[in-house]
**Student:** 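Have a look at this one before I ask anything.
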Amino acid sequence: MNPGYELPLEEAGYSFGFLDEYAKREVRRAILKAISIPGYQTPYASREMPMGRGFGTGGLQLTLALVGPEDRLKVIDQGADDSVNAVNLRHFVEMTCPGMDTTEHTRAATLIQSRHRIPEVPLRENQILVLQVPYPDALVVVESSEARRKTMHGEGDYARLLTRLYEDIVRFDEITIAHRYPTRIAGHYVIDPSPIPRYDLPKLHRAAALTLLGAGREKKIYAVPPYTDAEPLAFDDVPFRIEDFRDAAGRRCACARCGASDSFLDELIGDDGAKSWQCSDSDYCNEQLAVRNPQEAVHI
Amino acid sequence: MSETASLLDHQSIWGPMAQQRVFRCLLEAFSYPGRIQSASLPALLATLGDSEISLADPDELVAADDWRRLGARREAADKANFVVARGDIDPAFQPAIGTLESPEQGATILLRVRKLGRGAKLKLSGPGIQDAIKLAVGGLDPAWLERRAQWNAGFPMGVDFILVDGEQFAALPRTVSIAGEA
């Protein structure tokens, strides 16, 4: 977003949350149906937003339909509060929702919009996680016709998706999907959980918080309600497994900054080509740093 | 209060800020079925409805003023997106349950009951409920629960209920299974 750009609030009289009330009600009705049919991609009339589709307009429309002046919003991109997508979206919501508070602390947030990660700290009841989704349909890799995909979803027919996973095992001895791992919700619909790593999928399973997923370009909203089964597709003899971050010697890598060895790590390559690892969730990293080295802790 | 004043008043159920709060209560009610939330029937309709929806009111529970402000399309109960009905009498219609491909076209039924939190106890389980939760509902004809089970037998098709008394409501999405209790 152009840093000098400001919405002409006084002249045009934008409503709280930028979207007009008809747009909010459209999104809200779709959200309630999405919760009632867990994992079903509920179609909705996705609005044009003042940013390109693919920059999180689906997540943003969800956030704007939910948010009120009493909320504390956290926006993250790949786990960090300070990367460009997160900063832009947070700035936009701050500008259009006067009175609403923002935070970088997962525990303090009532509403969390995220791209590509679920926070490390387990979410509580009544916190809401909004995920930005580029490709909502897990079946798109095996069936190009949306009409046929809708029938397959309705019938719970995921045989071709399982075949695809099986072919991976035959060729590589491993299911090679690193993110967007197909996950079955409440025993029926299989969703594309957005590009979160496998590491985050167990956090969806019977979580205390509601997760809403919004695909603005594809005009779909779907949900994983609280206390709902979320099972990654797998086989009895090849169970689902997550990234384990072990080095060649079999030791679990730790974050070079805070020392945590229980978080999802980003690989960093230094100028000399040496590899190091750092927490992807910046709030979690700061929290661990404060616990382990109180002197070095960043005060924010 | 004049009508113009009440429309501009942000506390009015027709104002955007009140509707945001009511919606968050609805969100909580659907996320955690069986938990009782505060909002009246007109406030729920104002939050969910506009000229984009069709509404059926076979028992004439919606005031003429509210109809006018909603601007919703009048529709027969068998076809409407939203149906408002009395919970103390037998259901006299067959609501839309959607299709296999588009189950979201199943109706949302706002069912007027006498009292939530007192009365016959329903034991609920399903998505959104940790183990099981009990919801007491006064003034609900058991025929509704039988018909609901029939309408929701073919998941993903089905209907979603909002039970509402004077000032409170609770949601029963189609995924919730109900066992009656004495």
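Bear in mind the structure is a predicted one, so any value in this text is a computation, not a measurement.
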**Student:** I'd like to know which of A:Ala208, A:Gly68, A:Ala147 tops the heavy-atom pair count under 4.5 Å against chain B.
**Tutor:** A:Gly68

**Student:** Side chain, backbone, both or neither: which part of B:Ile129 has a non-hydrogen atom closer than 4.5 Å to chain A?
**Tutor:**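 Backbone only.
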
**Student:** Considering only heavy atoms and a distance below 4.5 Å, find which of A:Ile185, A:Leu212, A:Thr151, A:Val224 pairs most often with chain B.
**Tutor:**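 Of the options given, most contacts go to A:Thr151.
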
**Student:** How about A:Tyr135: does its OH atom have over 12 heavy atoms from other parts shown lying under 6.0 Å from it?
**Tutor:**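 No, OH of A:Tyr135 has 12 or fewer neighbouring heavy atoms, counting only those of other groups under 6.0 Å.
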
**Student:** Taking everything shown except A:Arg107 itself, do over 12 heavy atoms lie less than 6.0 Å from its CZ?
**Tutor:**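 Not buried by this count: 12 neighbours or fewer within 6.0 Å.
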
**Student:** So which part of A:Ala223 gets closer than 4.5 Å to some heavy atom of chain B, the side chain, the backbone, both or neither?
**Tutor:**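 Answer is neither: A:Ala223 stays 4.5 Å or more from chain B.
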
**Student:** Considering only heavy atoms and a distance below 4.5 Å, find which of B:Glu52, B:Met157, B:Arg35 pairs most often with chain A.
**Tutor:**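 Option with the top pair count is B:Arg35.
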
**Student:** Please classify the contact between B:Thr99 and chain A as side chain, backbone, both or neither, with a heavy-atom cut-off of under 4.5 Å.
**Tutor:** neither

**Student:** Give, as side chain, backbone, both or neither, the part of A:Ala65 having an atom under 4.5 angstrom from any heavy atom of chain B.
**Tutor:** backbone

**Student:** Taking side chain as C-beta onward, heavy atoms only, is A:Pro226 less than 4.5 Å from B:Ser31?
**Tutor:**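 A side-chain contact under 4.5 Å exists here.
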
**Student:** Which bit of A:Val67 comes within less than 4.5 Å of chain B, counting heavy atoms only: side chain, backbone, both or neither?
**Tutor:** backbone

**Student:** Any side-chain heavy-atom pair from A:Leu210 and B:Tyr32 closer than 4.5 angstrom?
**Tutor:** no

**Student:** Can a salt bridge be assigned to the pair A:Arg149 and B:Glu101 using a cut-off of 4.0 Å between side-chain N and carboxylate O?
**Tutor:**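 Judged by the 4.0 Å cut-off on N to carboxylate O distance, A:Arg149 and B:Glu101 do not form a salt bridge.
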
**Student:** Heavy-atom distance under 4.5 Å to chain A: side chain of B:Phe161, backbone, both or neither?
**Tutor:**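 Contact with chain A: none, neither part.
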
**Student:** Among residues 19-42 of chain A, which residues come closer than 4.5 Å to chain B, judged by heavy atom distances?
**Tutor:**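 Within residues 19-42 of chain A, near chain B: A:Glu21, A:Tyr22, A:Arg25, A:Arg28, A:Arg29, A:Ile31, A:Leu32, A:Lys33, A:Ile35, A:Ser36, A:Ile37, A:Pro38, A:Tyr40, A:Thr42.
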
**Student:** If I compare all heavy atoms of B:Gln20 with all of A:Leu66, which pair ends up nearest, and what's the gap?
**Tutor:**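 Scanning both residues, the minimum pair turns out to be NE2-O, 2.7 Å.
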
**Student:** Less than 4.5 Å to any heavy atom of chain A: does that hold for the side chain of B:Leu172, its backbone, both, or neither?
**Tutor:**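 Interface part for B:Leu172: neither.
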
**Student:** Between A:His153 and chain B, with a heavy-atom cut-off of 4.5 Å, which part of the residue counts as in contact: side chain, backbone, both or neither?
**Tutor:** neither

**Student:** Any side-chain heavy atom of A:Tyr189 sitting closer than 4.5 Å to one from B:Pro103?
**Tutor:**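 Yes; the side chains approach each other to less than 4.5 Å.
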
**Student:** Counting heavy-atom pairs closer than 4.5 Å to chain A, which one of B:Pro173, B:Pro156, B:Gly158 comes out on top?
**Tutor:**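 Most heavy-atom pairs under 4.5 Å with chain A: B:Pro156.
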
**Student:** Chain A heavy atoms under 4.5 Å from B:Phe30: which part of the residue, side chain, backbone, both or neither?
**Tutor:**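 For B:Phe30, backbone and side chain are both near chain A.
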
**Student:** Could you tell me if the side chain of A:Ile128 sits less than 4.5 Å from the side chain of B:Arg24, heavy atoms only?
**Tutor:** yes

**Student:** Any idea which of B:Gly106, B:Pro33, B:Gly49 has the most non-hydrogen atom pairs under 4.5 angstrom with chain A?
**Tutor:** B:Gly49

**Student:** Can you tell me which of B:Ile53, B:Leu100, B:Asp131 forms the most heavy-atom pairs within a distance under 4.5 Å of chain A?
**Tutor:**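 If we count pairs closer than 4.5 Å to chain A, B:Leu100 comes out on top.
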
